[in-house]
Amino acid sequence: MRKLLDASDSDSCPGMKTGLRVQTVGSLVLRYGLVLVIGWIGLMKFTEYEAKGIQPLVANSPLMGWMYGFLTLRAFSRALGVVEVAIAILIGLRHWSTRASALGSGGAVLMFLTTLSFLLSTPGWEPSLGGFPSLSALPGQFLLKDVVLLGAAISSFGEAWTSSVRIHRKRSAGHESVREVKTKRF
């Protein structure tokens, strides 16, 4: 985002400056909207309502269904809630730690890929409309929004990762120049 702001300062075209500022605001809304959605849904996992709501999705999933063999519905839901809230917090730390944000965003990517796999494992094609590609309201249409959330998580991951690498390179370059100065003195 800093790159966008820097580019808007160096560009003299007012339309370009406005577009870049809108893009910067959009990136902030995208990241912190992702934090809000993941955090809110994660906190909901501590309720019985949500634990029962995710049960058919998890039970039909070959990736996660086996967990009900040793965890109760509520215990699994709470554990998932802890993971989701942790992911949201990590993404939200972007201002303070690009690495933490990249880690959280990567976790969100994996989480949304897992959630989207439920489209394949949970019965969700509406038979009254002829089956595939007609999605039922639940779980089909409910899960489809995760494609957009996956895109937001990928975008957040990419931005945080590249910022982290850029910061690491600047720090490494700074240390190299300090070392060079010290060795030249002696």
Side-chain angles (χ1 to χ4, degrees), residues 1-7 20-47 50-51 53-55 57-58 61-68 70-122 139 142-176 178:
M1 280 178 260
R2 183 82 224 144
K3 184 178 170 183
L4 291 173
L5 290 173
D6 291 343
L20 290 170
R21 285 187 180 121
V22 169
Q23 190 176 359
T24 299
V25 170
S27 293
L28 287 169
V29 171
L30 190 65
R31 170 172 283 110
Y32 292 103
L34 188 62
V35 168
L36 177 66
V37 169
I38 295 172
W40 197 317
I41 291 171
L43 290 172
M44 289 294 297
K45 295 290 190 290
F46 292 92
T47 67
E50 185 69 12
I54 64 171
Q55 190 272 334
L57 302 171
V58 174
S61 169
L63 296 173
M64 300 175 80
W66 58 273
M67 291 189 190
Y68 283 149
F70 66 92
L71 291 173
T72 65
L73 292 179
R74 293 293 302 268
F76 174 78
S77 187
R78 287 181 186 136
L80 188 56
V82 168
V83 170
E84 290 176 352
V85 169
I87 286 171
I89 290 168
L90 288 169
I91 295 169
L93 291 174
R94 169 60 183 88
H95 180 72
W96 299 277
S97 173
T98 54
R99 287 184 180 177
S101 186
L103 179 65
S105 298
V109 168
L110 294 175
M111 181 182 73
F112 290 122
L113 287 172
T114 301
T115 303
L116 285 168
S117 76
F118 295 159
L119 282 169
L120 304 173
S121 62
T122 304
F142 169 75
L143 292 173
L144 200 56
K145 71 177 177 352
D146 285 5
V147 173
V148 176
L149 293 170
L150 174 62
I154 291 169
S155 176
S156 177
F157 175 75
E159 187 282 328
W161 181 267
T162 55
S163 292
S164 178
V165 169
R166 192 176 305 117
I167 290 168
H168 179 71
R169 283 186 180 165
K170 283 182 183 179
R171 286 182 183 156
S172 295
H175 290 305
E176 289 301 317
V178 169

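These numbers come from the heavy atoms of this one structure, side chains and all, not from hydrogens, waters or symmetry mates.
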side-chain contact (heavy atoms from CB on, under 4.5 Å) between V147 and F112, worked out: CA-CA 8 Å; V147 173; F112 290 122; over 6 Å; no
For R94 against S163, the heavy-atom pair lying closest together: NH2-OG, 3.1 Å
Check whether S27 reaches the backbone of Q23 with its side chain - one donor and one acceptor, N or O, closer than 3.5 Å. yes
Would you say that K45 contacts I54 through its side chain, given a criterion of any heavy-atom pair below 4.5 Å between the two side chains? yes
If you define the side chain from C-beta out and look only at heavy atoms, does anything of I91 sit under 4.5 Å from F157? no
Heavy-atom nearest pair, L30 first then A152, reads CD1-CB, 3.6 Å
Shortest non-hydrogen contact from L93 toward A100: CD1-CB, 4.2 Å
Nearest 0.5 angstrom please: S164 OG to H168 NE2, how far? 8.5 Å
Do you see a donor-acceptor pair shorter than 3.5 Å between the side chains of R166 and T98? no
Find the distance between CD (Q55) and OH (Y68) and round it off to the nearest 0.5 Å. 5.5 Å
Before you tell me yes or no, could you show the steps for E84 and I41 under side-chain contact (heavy atoms from CB on, under 4.5 Å), namely the whole-Å CA-CA distance, both residues' side-chain angles and the distance that decides it to 0.1 Å? CA-CA 8 Å; E84 290 176 352; I41 291 171; 3.7 Å; yes
Nearest-0.5 Å distance that lies between atom CH2 in W66 and atom CE in M64: 9.0 Å
Of the non-hydrogen atoms in S121 and P62, which two are nearest, and what is the gap between them? CB-CD, 3.7 Å
So how far is it from L110 CG to L150 CG, rounded to the nearest 0.5 Å? 9.5 Å
Minimal heavy-atom distance between S117 and L63, with the atoms involved, is OG-CD1, 3.5 Å
Atom pair CG (L113) and CE (M111), whose distance is rounded to the nearest 0.5 Å: 10.0 Å
Whether over 12 other heavy atoms sit under 6.0 Å from R74 CZ: yes
Atom OG of S101 and atom CD of E159: how far apart are they, to the nearest 0.5 Å? 7.0 Å
Test applied, side-chain contact (heavy atoms from CB on, under 4.5 Å); reference residue, W40; option that passes from I38, L43, V37, L36: L36
Can you give me the closest heavy-atom contact between L149 and L34, atom names plus distance? O-CD1, 3.9 Å
